[in-house]
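The chains referred to below are lettered A, B, ... by the order of the sequence lines, with proteins before strands, and numbering in each begins at 1.
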2 protein chains.
Amino acid sequence: MHEPEHLKSAGLKSTLPRLKVLSLFETSKERHLSAEEVFKLLLASGDDVGLATVYRVLTQFEQAGLLMRHHFEGGKSVFELNHGVHHDHIVCLQCGHVEEFYDSGIEARQKKAAAERGFTVHDHSLHIYADCNKPKCPNKIKS
Amino acid sequence: MHEPEHLKSAGLKSTLPRLKVLSLFETSKERHLSAEEVFKLLLASGDDVGLATVYRVLTQFEQAGLLMRHHFEGGKSVFELNHGVHHDHIVCLQCGHVEEFYDSGIEARQKKAAAERGFTVHDHSLHIYADCNKPKCPNKIKS
DNA sequence: TATACAAATGATAATCATTCTCATTTGCAA
DNA sequence: TTGCAAATGAGAATGATTATCATTTGTATA
Ligand SMILES: [Mn+2]
Ligand SMILES: [Mn+2]
Ligand SMILES: [Zn+2]
Ligand SMILES: [Zn+2]
């Protein structure tokens with residue numbers, strides 16, 4: 001029961017919808033969730049939160065540094081709890097499974113490439129799109 | 001005047017809108033263009049092509065391998081002529097300027113990261129978001 | 001604890017990029 | 001030239017996200 005403090009320290013007041021969304025990310029089996037998925041999971045668990053509120057809260061949490069937003073292919077934003085450690089993503093094109101990885105060599109070479117060209121890096125996104133080849137992976141893109 | 005053959009060999013018949021779009025990419029000062037930009041540039045040059053046709057043609061050219069599509073931040077697809085050599089992008093958050101780079105070390109480490117996890121790579125996208133620090137860069141995001 | 005009110009919510013309208021529909025036009029093969 | 005499948009263009013439809021605004025709620029204060 002530390003969520004209210006999380007919100008407080010982020011300058012957000014502790015409301016029911018915000019607690020529900022945060023709690024969902026902390027307990028969900030899926031680490032990376034879209035707004036639509038958050039909305040549906042809350043509905044399914046009997047917690048009614050308006051879709052507009054879901055979008056608002058996700059954006060607020062992102063700005064507060066509680067969540068990170070990613071733009072995978074498919075047009076919809078995906079969010080995950082910000083555990084403070086940067087990582088990149090491998091996304092399975094068949095089942096949508098997301099695996100995280102970190103390669104300090106890649107990170108270093110990115111910085112170098114940008115610096116050599118006079119750029120000041122703010123941020124980067126690296127997504128590898130692939131087949132996961134897991135036994136449970138269906139050969140069909142999940143809707 | 002070799003465009004018609006390009007289209008023919010791609011299995012697309014040589015129509016006026018398609019020739020105009022292809023020619024625009026071959027002559028434009030900007031290498032990376034969104035659908036909206038293509039549409040407006042054609043209008044400005046007196047070549048009227050419907051917006052729906054622009055979208056259709058861009059997608060067809062992408063499928064034919066003539067263009068590559070990228071998803072930079074900002075929600076709209078960006079296209080460029082496919083010159084056959086893979087590269088990644090550094091995008092200036094202030095002026096939208098795009099610079100290309102290629103780092104074989106990064107490429108190799110990506111393949112390795114995916115392989116180690118049992119993935120079969122289809123594709124990847126690496127975008128570095130930064131300030132270009134060029135003298136001509138305005139401190140404002142261009143609309 | 002009751003009250004007051006700014007902040008938050010939720011239903012719904014609006015927006016934006018993109019795709020779809022369908023009547024009309026066009027490239028091109030015969 | 002003609003015939004016609006393929007392509008086009010105007011506008012409707014879609015899907016994700018944001019804006020509006022009347023109503024509700026968290027919380028500071030009396
Ligand atoms: Mn992640
Ligand atoms: Mn490029
Ligand atoms: Zn999979
Ligand atoms: Zn710049």
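Between the CD atom of A/E37 and the C1' atom of D/dA16 there is a distance of 13 Å, rounded to whole Å. A/K20 has its NZ atom 10 Å from the P atom of D/dG26, to the nearest Å. Nucleotide D/dG11 holds its P atom 12 Å from the CG atom of B/L51, rounded to whole Å. The nearest whole Å value for the distance from the CG atom in B/L12 to the P atom in D/dA7 is 7 Å. Here the P atom of nucleotide C/dG10 and the CG atom of A/L16 are 9 Å apart, to the nearest Å. We find that CG of A/D48 is positioned 8 Å from P of C/dG10, with the value rounded to whole Å. Atom pair A/L43:CG and C/dA11:C1' shows a separation of 14 Å (rounding to whole Å applied). Protein atom CG of A/L33 is 15 Å distant from nucleotide atom P of D/dA16, rounded to whole Å.
Nearest nucleotide to the A/A52 side chain, out of C/dT19, C/dT12, C/dC28: C/dT12. Nearest nucleotide to the side chain of B/K13, out of D/dA6, D/dG26, C/dC20: D/dA6. Looking at the side chain of A/S77, the nearest of the listed nucleotides D/dT17, C/dT18, D/dT8 is D/dT17. If you check C/dT18, D/dT27, C/dT9 against the side chain of A/R56, the one that comes closest is C/dT9.
Using a 4.0 Å heavy-atom criterion, one finds that A/T15 contacts the sugar-phosphate atoms exclusively. If you check every strand for non-hydrogen atoms under 4.0 Å, A/S34 touches nothing.
Looking at A/E80 and A/R69, no side-chain N of the basic residue comes within less than 4.0 Å of a carboxylate O on the acidic one, giving no salt bridge. Between A/E107 and A/K111, no side-chain nitrogen of the basic residue sits less than 4.0 Å from a carboxylate oxygen of the acidic one, so the salt-bridge criterion is not met.
Classified by interplanar angle (parallel below 30°, tilted 30° to 60°, perpendicular above 60°), the ring pair A/H32/A/H89 is perpendicular. In this structure, B/H70 and B/F72 have parallel ring planes: the angle between them is below the 30° cut-off, well short of the 60° mark.
Between A/K76 and the phosphate of D/dA16, there is a side-chain N or O to OP1/OP2 separation shorter than 4.0 Å. The phosphate of C/dG10 has OP1 or OP2 within less than 4.0 Å of a side-chain N or O from A/T53. Dashed line: the shortest gap from a side-chain N or O of B/Y55 to OP1 or OP2 of C/dT19 is not under 4.0 Å. Residue B/R18 places at least one side-chain N or O under 4.0 Å from the OP1 or OP2 atom of D/dA7.
For B/H124 and B/H86, the ring centers are positioned less than 6.0 Å apart.
The nearest heavy atom of DNA chain C to B/A35 and to A/V57 marks one nucleotide each, and the one closer to the 5' end goes with A/V57.
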